2 protein chains.
Amino acid sequence: MSPARTPTGAAPSRGRRAGRSAGDDREVAILATAERLLRERAFGDISIDDLARGAGISRPTFYFYFPSKDAVLLTLLDRVTEEADAAAGDVLDRLAEDPRARWRELIARFHATFGGHRDVVLACAQVRGTNAEVRRLWAEVLERWVRAVQAAIELERARGAAPDGLPARDLAIALNSMNERVWYATFAGDGPAVAERDVVDVLLDVWLTAIYRTTAPPVTPRG
Amino acid sequence: MSPARTPTGAAPSRGRRAGRSAGDDREVAILATAERLLRERAFGDISIDDLARGAGISRPTFYFYFPSKDAVLLTLLDRVTEEADAAAGDVLDRLAEDPRARWRELIARFHATFGGHRDVVLACAQVRGTNAEVRRLWAEVLERWVRAVQAAIELERARGAAPDGLPARDLAIALNSMNERVWYATFAGDGPAVAERDVVDVLLDVWLTAIYRTTAPPVTPRG
DNA sequence: ATCGGACTCGACAGGGTGTTGACTGGGGTC
DNA sequence: GACCCCAGTCAACACCCTGTCGAGTCCGAT
(Lines give C-alpha, C1' and ligand atoms only; values in the text may rest on other atoms or scores of the structure.)
Protein backbone atom coordinates (compact mmCIF):
# COMPACT_ATOMS: atom_id res chain seq x y z
CA MET A 1 0.00 0.00 0.00
CA SER A 2 2.40 2.73 1.15
CA PRO A 3 5.58 2.97 -0.92
CA ALA A 4 8.94 1.91 0.47
CA ARG A 5 9.93 5.23 1.87
CA THR A 6 12.40 4.07 4.54
CA PRO A 7 11.30 6.06 7.54
CA THR A 8 14.37 6.26 9.75
CA GLY A 9 12.88 8.23 12.62
CA ALA A 10 10.93 6.78 15.52
CA ALA A 11 7.55 8.27 14.71
CA PRO A 12 5.90 6.64 11.72
CA SER A 13 5.51 9.39 9.17
CA ARG A 14 3.10 9.45 6.28
CA GLY A 15 5.43 11.76 4.38
CA ARG A 16 8.86 10.75 3.19
CA ARG A 17 11.03 9.93 6.12
CA ALA A 18 12.25 11.46 9.34
CA GLY A 19 15.69 13.09 9.65
CA ARG A 20 16.36 16.70 8.75
CA SER A 21 16.94 17.76 5.18
CA ALA A 22 15.99 20.38 2.64
CA GLY A 23 12.90 18.42 1.66
CA ASP A 24 11.35 18.90 5.06
CA ASP A 25 10.53 22.47 4.15
CA ARG A 26 8.61 21.26 1.13
CA GLU A 27 6.75 18.68 3.13
CA VAL A 28 5.75 21.33 5.63
CA ALA A 29 4.82 23.69 2.81
CA ILE A 30 2.51 21.08 1.28
CA LEU A 31 0.82 20.48 4.60
CA ALA A 32 0.42 24.21 5.19
CA THR A 33 -0.99 24.70 1.71
CA ALA A 34 -3.49 21.93 2.31
CA GLU A 35 -4.66 23.51 5.55
CA ARG A 36 -4.97 26.88 3.90
CA LEU A 37 -6.89 25.61 0.89
CA LEU A 38 -9.14 23.52 3.13
CA ARG A 39 -10.20 26.74 4.79
CA GLU A 40 -11.56 28.06 1.51
CA ARG A 41 -12.85 25.02 -0.36
CA ALA A 42 -13.76 21.35 -0.11
CA PHE A 43 -11.11 18.66 -0.21
CA GLY A 44 -12.53 17.26 -3.42
CA ASP A 45 -12.09 20.60 -5.13
CA ILE A 46 -8.40 20.74 -4.33
CA SER A 47 -6.18 19.05 -6.92
CA ILE A 48 -2.69 17.73 -6.40
CA ASP A 49 -1.54 20.47 -8.71
CA ASP A 50 -3.03 23.06 -6.36
CA LEU A 51 -1.12 21.55 -3.46
CA ALA A 52 2.13 21.38 -5.44
CA ARG A 53 1.83 24.90 -6.81
CA GLY A 54 1.01 26.22 -3.37
CA ALA A 55 4.19 24.63 -2.05
CA GLY A 56 6.22 25.96 -4.98
CA ILE A 57 6.91 22.62 -6.64
CA SER A 58 5.68 20.72 -9.68
CA ARG A 59 3.11 17.99 -9.58
CA PRO A 60 5.51 15.10 -10.07
CA THR A 61 7.64 16.45 -7.24
CA PHE A 62 4.61 16.33 -5.01
CA TYR A 63 4.70 12.56 -5.38
CA PHE A 64 8.19 12.54 -3.98
CA TYR A 65 6.74 13.75 -0.70
CA PHE A 66 3.37 12.10 -0.52
CA PRO A 67 1.96 9.09 -2.32
CA SER A 68 -1.43 10.75 -2.84
CA LYS A 69 -3.66 13.63 -1.93
CA ASP A 70 -5.30 11.51 0.73
CA ALA A 71 -1.97 10.91 2.43
CA VAL A 72 -1.68 14.64 3.05
CA LEU A 73 -5.04 14.69 4.75
CA LEU A 74 -4.11 11.62 6.75
CA THR A 75 -0.98 13.38 8.01
CA LEU A 76 -3.10 16.31 9.07
CA LEU A 77 -5.52 13.93 10.73
CA ASP A 78 -2.71 12.23 12.63
CA ARG A 79 -2.03 15.45 14.48
CA VAL A 80 -5.66 15.88 15.41
CA THR A 81 -6.02 12.33 16.66
CA GLU A 82 -2.96 12.72 18.86
CA GLU A 83 -4.49 15.81 20.35
CA ALA A 84 -7.83 14.09 20.73
CA ASP A 85 -6.28 11.16 22.55
CA ALA A 86 -4.51 13.52 24.92
CA ALA A 87 -7.70 15.51 25.46
CA ALA A 88 -9.50 12.71 27.27
CA GLY A 89 -6.55 12.62 29.63
CA ASP A 90 -7.31 11.69 33.21
CA VAL A 91 -10.61 13.52 33.41
CA LEU A 92 -12.50 10.31 33.92
CA ASP A 93 -10.23 9.10 36.72
CA ARG A 94 -11.48 11.92 38.90
CA LEU A 95 -15.17 11.39 38.29
CA ALA A 96 -16.13 10.80 41.91
CA GLU A 97 -15.05 14.30 42.87
CA ASP A 98 -17.75 15.95 40.83
CA PRO A 99 -19.26 13.73 38.13
CA ARG A 100 -21.28 16.40 36.40
CA ALA A 101 -18.31 18.75 36.10
CA ARG A 102 -16.00 15.97 34.92
CA TRP A 103 -18.36 14.68 32.25
CA ARG A 104 -18.90 18.21 31.12
CA GLU A 105 -15.17 18.71 30.86
CA LEU A 106 -14.85 15.59 28.76
CA ILE A 107 -17.50 16.67 26.31
CA ALA A 108 -16.16 20.22 26.20
CA ARG A 109 -12.69 18.94 25.38
CA PHE A 110 -14.01 16.72 22.62
CA HIS A 111 -15.77 19.75 21.26
CA ALA A 112 -12.77 22.06 21.60
CA THR A 113 -10.26 19.66 20.10
CA PHE A 114 -12.25 18.94 16.98
CA GLY A 115 -13.49 22.50 16.77
CA GLY A 116 -9.90 23.69 16.71
CA HIS A 117 -9.29 21.68 13.58
CA ARG A 118 -12.71 21.79 12.07
CA ASP A 119 -11.51 22.12 8.48
CA VAL A 120 -9.39 19.01 8.71
CA VAL A 121 -12.01 17.02 10.56
CA LEU A 122 -14.77 18.08 8.19
CA ALA A 123 -12.60 17.13 5.22
CA CYS A 124 -11.94 13.74 6.78
CA ALA A 125 -15.64 13.21 7.26
CA GLN A 126 -16.07 13.91 3.58
CA VAL A 127 -13.53 11.38 2.38
CA ARG A 128 -14.32 8.81 5.04
CA GLY A 129 -16.80 7.33 2.64
CA THR A 130 -14.19 6.70 -0.02
CA ASN A 131 -10.97 6.20 1.91
CA ALA A 132 -10.52 3.10 4.02
CA GLU A 133 -7.45 4.44 5.80
CA VAL A 134 -9.28 7.52 7.06
CA ARG A 135 -12.11 5.26 8.13
CA ARG A 136 -9.74 3.01 10.03
CA LEU A 137 -7.93 5.85 11.76
CA TRP A 138 -11.18 7.50 12.75
CA ALA A 139 -12.56 4.23 14.02
CA GLU A 140 -9.48 3.83 16.22
CA VAL A 141 -9.89 7.25 17.78
CA LEU A 142 -13.54 6.59 18.43
CA GLU A 143 -12.74 3.18 19.87
CA ARG A 144 -10.38 4.71 22.44
CA TRP A 145 -13.00 7.23 23.49
CA VAL A 146 -15.61 4.50 23.73
CA ARG A 147 -13.36 2.37 25.90
CA ALA A 148 -12.59 5.25 28.24
CA VAL A 149 -16.26 6.10 28.62
CA GLN A 150 -17.22 2.46 29.03
CA ALA A 151 -14.70 2.05 31.84
CA ALA A 152 -15.93 5.21 33.54
CA ILE A 153 -19.54 4.03 33.39
CA GLU A 154 -18.59 0.70 34.89
CA LEU A 155 -16.73 2.44 37.70
CA GLU A 156 -19.70 4.67 38.43
CA ARG A 157 -21.92 1.63 38.60
CA ALA A 158 -19.47 -0.15 40.86
CA ARG A 159 -19.43 2.71 43.34
CA GLY A 160 -23.20 2.80 43.28
CA ALA A 161 -23.45 6.21 41.66
CA ALA A 162 -25.08 4.94 38.50
CA PRO A 163 -27.80 2.30 38.19
CA ASP A 164 -27.31 -0.81 36.10
CA GLY A 165 -28.87 -0.80 32.68
CA LEU A 166 -27.57 -1.17 29.15
CA PRO A 167 -24.24 -2.87 28.63
CA ALA A 168 -21.73 -0.11 29.32
CA ARG A 169 -20.09 -0.54 25.95
CA ASP A 170 -23.31 -0.15 24.01
CA LEU A 171 -24.18 2.94 25.99
CA ALA A 172 -20.70 4.36 25.42
CA ILE A 173 -20.99 3.75 21.69
CA ALA A 174 -24.41 5.38 21.47
CA LEU A 175 -23.35 8.46 23.39
CA ASN A 176 -20.10 8.95 21.51
CA SER A 177 -21.89 8.45 18.21
CA MET A 178 -24.38 11.09 19.19
CA ASN A 179 -21.60 13.51 20.02
CA GLU A 180 -19.87 12.88 16.74
CA ARG A 181 -22.94 13.41 14.59
CA VAL A 182 -24.24 16.39 16.53
CA TRP A 183 -20.80 17.94 16.44
CA TYR A 184 -20.59 17.42 12.72
CA ALA A 185 -23.98 18.94 12.01
CA THR A 186 -23.18 21.93 14.18
CA PHE A 187 -19.89 22.70 12.46
CA ALA A 188 -20.82 21.72 8.94
CA GLY A 189 -24.07 23.68 9.14
CA ASP A 190 -25.55 20.63 7.52
CA GLY A 191 -29.20 20.02 8.32
CA PRO A 192 -30.87 20.29 11.72
CA ALA A 193 -28.21 21.35 14.21
CA VAL A 194 -27.81 22.51 17.77
CA ALA A 195 -26.41 26.02 18.18
CA GLU A 196 -22.65 25.93 18.77
CA ARG A 197 -23.14 27.81 22.03
CA ASP A 198 -25.52 25.18 23.43
CA VAL A 199 -24.09 21.99 22.08
CA VAL A 200 -22.00 20.99 25.10
CA ASP A 201 -24.89 21.42 27.51
CA VAL A 202 -27.34 19.59 25.32
CA LEU A 203 -25.04 16.63 24.93
CA LEU A 204 -24.16 16.66 28.62
CA ASP A 205 -27.80 16.48 29.59
CA VAL A 206 -28.40 13.40 27.49
CA TRP A 207 -25.22 11.77 28.78
CA LEU A 208 -26.12 12.31 32.42
CA THR A 209 -29.68 11.12 32.13
CA ALA A 210 -28.61 8.06 30.16
CA ILE A 211 -25.88 7.15 32.62
CA TYR A 212 -27.37 8.22 35.96
CA ARG A 213 -31.09 8.68 35.24
CA THR A 214 -30.66 12.15 36.66
CA THR A 215 -28.69 15.26 35.76
CA ALA A 216 -27.26 15.60 39.27
CA PRO A 217 -25.26 12.43 39.95
CA PRO A 218 -24.16 11.79 43.54
CA VAL A 219 -20.76 13.01 44.70
CA THR A 220 -18.59 10.77 46.83
CA PRO A 221 -17.04 12.98 49.51
CA ARG A 222 -13.29 12.59 49.82
CA GLY A 223 -12.54 10.34 52.76
CA MET B 1 -28.51 23.15 -12.29
CA SER B 2 -30.93 20.56 -13.63
CA PRO B 3 -31.30 20.61 -17.40
CA ALA B 4 -34.47 21.81 -19.12
CA ARG B 5 -36.12 18.46 -19.41
CA THR B 6 -39.78 19.47 -19.59
CA PRO B 7 -41.36 17.14 -17.07
CA THR B 8 -44.99 16.90 -18.05
CA GLY B 9 -46.19 14.61 -15.28
CA ALA B 10 -47.24 15.67 -11.80
CA ALA B 11 -44.44 14.04 -9.83
CA PRO B 12 -41.15 15.85 -10.20
CA SER B 13 -38.79 13.36 -11.78
CA ARG B 14 -35.03 13.49 -11.74
CA GLY B 15 -34.95 11.53 -14.98
CA ARG B 16 -36.21 12.81 -18.29
CA ARG B 17 -39.88 13.50 -18.11
CA ALA B 18 -43.10 11.77 -17.29
CA GLY B 19 -45.41 10.24 -19.92
CA ARG B 20 -44.99 6.74 -21.29
CA SER B 21 -42.48 5.99 -24.00
CA ALA B 22 -39.80 3.56 -25.02
CA GLY B 23 -37.22 5.48 -23.05
CA ASP B 24 -38.90 4.64 -19.75
CA ASP B 25 -37.56 1.12 -19.98
CA ARG B 26 -34.06 2.47 -20.25
CA GLU B 27 -34.53 4.78 -17.33
CA VAL B 28 -35.75 1.90 -15.22
CA ALA B 29 -32.89 -0.25 -16.46
CA ILE B 30 -30.34 2.35 -15.39
CA LEU B 31 -31.89 2.57 -11.95
CA ALA B 32 -31.97 -1.21 -11.61
CA THR B 33 -28.36 -1.46 -12.73
CA ALA B 34 -27.34 1.12 -10.16
CA GLU B 35 -29.07 -0.79 -7.38
CA ARG B 36 -27.49 -4.02 -8.48
CA LEU B 37 -23.96 -2.61 -8.74
CA LEU B 38 -24.36 -0.82 -5.41
CA ARG B 39 -24.87 -4.22 -3.84
CA GLU B 40 -21.41 -5.31 -4.95
CA ARG B 41 -19.26 -2.19 -4.84
CA ALA B 42 -19.00 1.39 -3.66
CA PHE B 43 -20.67 4.21 -5.53
CA GLY B 44 -17.34 5.80 -6.32
CA ASP B 45 -16.18 2.63 -8.03
CA ILE B 46 -19.13 2.63 -10.40
CA SER B 47 -18.58 4.63 -13.59
CA ILE B 48 -21.24 6.09 -15.84
CA ASP B 49 -20.08 3.60 -18.43
CA ASP B 50 -20.88 0.75 -16.04
CA LEU B 51 -24.37 2.10 -15.58
CA ALA B 52 -24.87 2.61 -19.31
CA ARG B 53 -23.53 -0.80 -20.26
CA GLY B 54 -25.63 -2.44 -17.58
CA ALA B 55 -28.70 -0.83 -19.10
CA GLY B 56 -27.65 -1.82 -22.62
CA ILE B 57 -26.90 1.66 -23.91
CA SER B 58 -23.81 3.75 -24.63
CA ARG B 59 -22.38 6.35 -22.32
CA PRO B 60 -23.60 9.40 -24.25
CA THR B 61 -27.08 7.90 -24.27
CA PHE B 62 -26.94 7.70 -20.50
CA TYR B 63 -26.84 11.48 -20.50
CA PHE B 64 -30.10 11.53 -22.37
CA TYR B 65 -31.72 10.00 -19.29
CA PHE B 66 -29.80 11.47 -16.38
CA PRO B 67 -27.62 14.56 -16.13
CA SER B 68 -25.04 12.79 -13.98
CA LYS B 69 -24.24 9.74 -11.95
CA ASP B 70 -25.32 11.53 -8.80
CA ALA B 71 -28.77 12.16 -10.28
CA VAL B 72 -29.30 8.40 -10.45
CA LEU B 73 -28.48 8.04 -6.78
CA LEU B 74 -30.74 10.96 -5.97
CA THR B 75 -33.62 9.26 -7.76
CA LEU B 76 -33.00 6.14 -5.72
CA LEU B 77 -32.84 8.25 -2.58
CA ASP B 78 -36.16 9.90 -3.41
CA ARG B 79 -37.89 6.56 -3.07
CA VAL B 80 -36.29 5.88 0.29
CA THR B 81 -37.16 9.27 1.68
CA GLU B 82 -40.77 8.83 0.67
CA GLU B 83 -40.86 5.56 2.51
CA ALA B 84 -39.09 7.08 5.49
CA ASP B 85 -41.60 9.89 5.70
CA ALA B 86 -44.44 7.42 5.61
CA ALA B 87 -42.76 5.25 8.25
CA ALA B 88 -43.13 7.79 11.03
CA GLY B 89 -46.83 7.76 10.26
CA ASP B 90 -49.16 8.35 13.14
CA VAL B 91 -47.15 6.39 15.70
CA LEU B 92 -46.48 9.48 17.74
CA ASP B 93 -50.13 10.51 17.83
CA ARG B 94 -50.90 7.46 19.94
CA LEU B 95 -48.11 7.91 22.46
CA ALA B 96 -50.33 8.12 25.53
CA GLU B 97 -51.62 4.59 24.99
CA ASP B 98 -48.26 3.02 25.64
CA PRO B 99 -45.32 5.40 25.31
CA ARG B 100 -42.59 2.81 25.56
CA ALA B 101 -44.13 0.62 22.88
CA ARG B 102 -44.80 3.59 20.60
CA TRP B 103 -41.31 5.02 20.83
CA ARG B 104 -39.93 1.58 20.23
CA GLU B 105 -42.07 1.25 17.16
CA LEU B 106 -40.79 4.56 15.85
CA ILE B 107 -37.16 3.58 16.26
CA ALA B 108 -37.78 0.13 14.85
CA ARG B 109 -39.41 1.62 11.77
CA PHE B 110 -36.53 4.02 11.25
CA HIS B 111 -34.24 1.04 11.48
CA ALA B 112 -36.31 -1.15 9.18
CA THR B 113 -36.83 1.48 6.50
CA PHE B 114 -33.20 2.38 6.12
CA GLY B 115 -32.11 -1.20 6.63
CA GLY B 116 -34.30 -2.22 3.72
CA HIS B 117 -32.35 0.09 1.45
CA ARG B 118 -29.02 -0.03 3.13
CA ASP B 119 -27.01 -0.01 -0.08
CA VAL B 120 -28.63 3.18 -1.31
CA VAL B 121 -28.48 4.88 2.07
CA LEU B 122 -24.86 3.89 2.61
CA ALA B 123 -23.97 5.21 -0.83
CA CYS B 124 -25.72 8.47 -0.06
CA ALA B 125 -23.78 8.78 3.16
CA GLN B 126 -20.63 8.39 1.12
CA VAL B 127 -21.40 11.13 -1.37
CA ARG B 128 -23.07 13.41 1.12
CA GLY B 129 -19.68 14.97 1.69
CA THR B 130 -19.29 15.96 -1.94
CA ASN B 131 -22.84 16.43 -3.18
CA ALA B 132 -24.87 19.35 -1.93
CA GLU B 133 -28.13 18.00 -3.32
CA VAL B 134 -27.85 14.75 -1.39
CA ARG B 135 -26.99 16.77 1.68
CA ARG B 136 -30.04 18.94 1.23
CA LEU B 137 -32.39 16.05 0.66
CA TRP B 138 -31.05 14.17 3.65
CA ALA B 139 -31.30 17.26 5.82
CA GLU B 140 -34.95 17.59 4.84
CA VAL B 141 -35.76 14.03 5.83
CA LEU B 142 -34.01 14.49 9.13
CA GLU B 143 -35.75 17.78 9.71
CA ARG B 144 -39.14 16.13 9.36
CA TRP B 145 -38.21 13.42 11.84
CA VAL B 146 -36.85 16.00 14.23
CA ARG B 147 -40.05 18.03 14.03
CA ALA B 148 -42.22 14.99 14.67
CA VAL B 149 -40.16 13.96 17.68
CA GLN B 150 -40.02 17.50 19.00
CA ALA B 151 -43.80 17.78 18.84
CA ALA B 152 -44.20 14.44 20.59
CA ILE B 153 -41.86 15.47 23.40
CA GLU B 154 -43.75 18.70 23.88
CA LEU B 155 -47.02 16.78 24.05
CA GLU B 156 -45.63 14.38 26.61
CA ARG B 157 -44.48 17.31 28.71
CA ALA B 158 -47.85 18.97 28.40
CA ARG B 159 -49.68 15.91 29.67
CA GLY B 160 -47.22 15.67 32.56
CA ALA B 161 -45.70 12.40 31.43
CA ALA B 162 -42.26 13.88 30.81
CA PRO B 163 -40.43 16.43 32.94
CA ASP B 164 -39.24 19.72 31.52
CA GLY B 165 -35.61 19.95 30.58
CA LEU B 166 -33.72 20.66 27.39
CA PRO B 167 -35.49 22.55 24.63
CA ALA B 168 -37.51 19.86 22.89
CA ARG B 169 -35.95 20.65 19.54
CA ASP B 170 -32.39 20.28 20.79
CA LEU B 171 -33.26 17.01 22.42
CA ALA B 172 -34.96 15.78 19.26
CA ILE B 173 -31.91 16.70 17.19
CA ALA B 174 -29.52 14.96 19.55
CA LEU B 175 -31.55 11.76 19.67
CA ASN B 176 -32.12 11.57 15.94
CA SER B 177 -28.46 12.29 15.29
CA MET B 178 -27.54 9.46 17.61
CA ASN B 179 -29.84 7.10 15.76
CA GLU B 180 -28.42 8.08 12.42
CA ARG B 181 -24.80 7.62 13.38
CA VAL B 182 -25.35 4.43 15.35
CA TRP B 183 -27.41 3.04 12.52
CA TYR B 184 -24.68 3.88 10.05
CA ALA B 185 -21.91 2.29 12.11
CA THR B 186 -23.98 -0.84 12.57
CA PHE B 187 -24.71 -1.31 8.89
CA ALA B 188 -21.43 -0.07 7.48
CA GLY B 189 -19.46 -2.17 9.95
CA ASP B 190 -17.39 0.96 10.32
CA GLY B 191 -15.71 1.33 13.71
CA PRO B 192 -17.27 0.70 17.12
CA ALA B 193 -20.84 -0.45 16.54
CA VAL B 194 -23.79 -1.91 18.37
CA ALA B 195 -24.85 -5.38 17.23
CA GLU B 196 -27.69 -5.18 14.71
CA ARG B 197 -29.83 -7.36 16.97
CA ASP B 198 -29.51 -4.97 19.92
CA VAL B 199 -29.51 -1.63 18.23
CA VAL B 200 -33.20 -0.80 18.62
CA ASP B 201 -33.21 -1.57 22.33
CA VAL B 202 -30.05 0.36 23.02
CA LEU B 203 -31.34 3.43 21.24
CA LEU B 204 -34.73 3.12 22.87
CA ASP B 205 -33.18 3.05 26.32
CA VAL B 206 -31.30 6.29 25.72
CA TRP B 207 -34.38 7.93 24.21
CA LEU B 208 -36.61 7.03 27.14
CA THR B 209 -34.18 8.11 29.83
CA ALA B 210 -33.45 11.35 28.01
CA ILE B 211 -37.11 12.16 27.54
CA TYR B 212 -38.71 10.73 30.70
CA ARG B 213 -35.78 10.20 33.10
CA THR B 214 -37.02 6.64 33.36
CA THR B 215 -37.43 3.73 30.99
CA ALA B 216 -41.02 3.15 32.04
CA PRO B 217 -42.94 6.32 31.19
CA PRO B 218 -46.44 6.68 32.65
CA VAL B 219 -49.43 5.54 30.68
CA THR B 220 -52.53 7.67 30.52
CA PRO B 221 -55.53 5.35 30.81
CA ARG B 222 -58.16 5.92 28.16
CA GLY B 223 -61.01 7.86 29.58
C1' DA C 1 36.91 13.13 -9.88
C1' DT C 2 33.27 10.48 -8.99
C1' DC C 3 29.66 8.16 -6.76
C1' DG C 4 25.23 7.93 -4.74
C1' DG C 5 21.30 9.68 -2.83
C1' DA C 6 18.15 13.71 -2.40
C1' DC C 7 15.49 16.19 -5.19
C1' DT C 8 13.25 18.04 -9.50
C1' DC C 9 10.25 18.16 -13.55
C1' DG C 10 8.79 17.46 -18.79
C1' DA C 11 6.32 14.28 -21.04
C1' DC C 12 3.41 10.51 -21.28
C1' DA C 13 -0.29 6.94 -20.42
C1' DG C 14 -4.67 6.03 -18.79
C1' DG C 15 -9.26 6.64 -17.19
C1' DG C 16 -12.99 9.34 -16.08
C1' DT C 17 -16.56 13.10 -17.36
C1' DG C 18 -19.45 15.85 -20.24
C1' DT C 19 -20.57 17.66 -25.12
C1' DT C 20 -21.21 17.79 -30.13
C1' DG C 21 -22.96 16.54 -34.32
C1' DA C 22 -24.59 13.23 -37.27
C1' DC C 23 -27.68 9.41 -37.79
C1' DT C 24 -32.03 6.33 -37.42
C1' DG C 25 -36.76 5.13 -37.25
C1' DG C 26 -41.49 5.91 -36.66
C1' DG C 27 -45.84 8.77 -36.19
C1' DG C 28 -48.24 12.65 -37.83
C1' DT C 29 -49.47 16.04 -41.77
C1' DC C 30 -50.48 17.82 -46.20
C1' DG D 1 -46.02 9.40 -51.27
C1' DA D 2 -43.14 13.22 -49.66
C1' DC D 3 -42.26 15.65 -45.60
C1' DC D 4 -40.94 16.68 -41.10
C1' DC D 5 -40.34 16.48 -36.41
C1' DC D 6 -38.71 14.40 -32.43
C1' DA D 7 -37.29 10.61 -29.22
C1' DG D 8 -33.54 8.06 -29.05
C1' DT D 9 -28.73 6.63 -30.25
C1' DC D 10 -23.64 6.72 -30.46
C1' DA D 11 -18.63 7.71 -32.44
C1' DA D 12 -15.58 11.04 -31.70
C1' DC D 13 -13.83 14.81 -29.30
C1' DA D 14 -12.18 18.10 -25.64
C1' DC D 15 -10.90 18.20 -20.90
C1' DC D 16 -9.21 17.37 -16.53
C1' DC D 17 -7.06 14.76 -13.20
C1' DT D 18 -4.09 11.06 -11.50
C1' DG D 19 0.04 8.51 -11.35
C1' DT D 20 4.58 7.04 -13.53
C1' DC D 21 8.98 7.13 -16.09
C1' DG D 22 13.20 8.68 -17.23
C1' DA D 23 16.39 12.09 -17.59
C1' DG D 24 18.40 15.53 -15.34
C1' DT D 25 20.68 18.74 -11.28
C1' DC D 26 22.95 19.49 -6.96
C1' DC D 27 25.82 18.27 -3.10
C1' DG D 28 28.24 15.85 0.48
C1' DA D 29 31.08 11.82 1.29
C1' DT D 30 34.80 8.83 -0.44
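In this text the structure is predicted, and so the values were computed from the model without any measurement. We name chains A, B, ... by the order of the sequence lines, and we start the count at 1 in each one.
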Write down the distance between [atom1] ([X]) and [atom2] ([N]), rounded to a whole number of angstrom.
{"X": "B/Asp70", "N": "C/dT17", "atom1": "CG", "atom2": "C1'", "result": "12 Å"}
{"X": "A/Asp49", "N": "D/dC15", "atom1": "CG", "atom2": "P", "result": "17 Å"}
{"X": "B/Phe62", "N": "C/dT17", "atom1": "CZ", "atom2": "P", "result": "9 Å"}
{"X": "B/Lys69", "N": "C/dT17", "atom1": "NZ", "atom2": "C1'", "result": "10 Å"}
{"X": "A/Arg53", "N": "C/dC9", "atom1": "CZ", "atom2": "C1'", "result": "11 Å"}
{"X": "B/Ile57", "N": "D/dA7", "atom1": "CD1", "atom2": "P", "result": "16 Å"}
{"X": "A/Phe66", "N": "D/dT20", "atom1": "CZ", "atom2": "C1'", "result": "19 Å"}
{"X": "A/Tyr63", "N": "C/dC12", "atom1": "OH", "atom2": "C1'", "result": "14 Å"}

- Partner of B/Asp50 under side chain to side chain donor-acceptor pair (under 3.5 Å), picked from B/Arg59, B/Lys69, B/Arg41, is B/Arg41

- On a plain distance test, is the side chain of B/Arg26 in donor-acceptor contact with the base of D/dG8 below 3.5 Å? no

- Query: Relative to each other, are the rings of B/His111 and B/Phe187 parallel, tilted or perpendicular (30° and 60° limits)?
  - Reply: parallel

- Item | Aromatic plane relationship, B/Trp207 with B/Trp103 - under 30° parallel, 30 to 60° tilted, over 60° perpendicular | tilted

- Would you mind classifying the nucleic acid contact of A/Ser47 as base, sugar-phosphate or nothing, using non-hydrogen atoms under 4.0 angstrom? sugar-phosphate

- Query: Would you say a side-chain N or O of A/Tyr65 is under 4.0 Å from OP1 or OP2 of C/dT8?
  - Reply: yes

- Message: Using a strict threshold of under 4.0 Å (side-chain N to carboxylate O), is an ion pair present between B/Arg79 and B/Glu82?
- Response: no

- Message: Do A/Phe110 and A/Val200 make a side-chain contact, defined as non-hydrogen atoms from C-beta onward lying under 4.5 Å apart?
- Response: no

When you get a sec, tell me which of [options] is the closest nucleotide to the side chain of [X]?
{"X": "A/Thr61", "options": "D/dC10, C/dT8, C/dG18", "result": "C/dT8"}
{"X": "B/Phe64", "options": "C/dT19, D/dA7, C/dC9", "result": "D/dA7"}
{"X": "B/Pro60", "options": "D/dC21, D/dG19, C/dT19", "result": "C/dT19"}
{"X": "A/Arg59", "options": "C/dG18, C/dA11, C/dC9", "result": "C/dA11"}

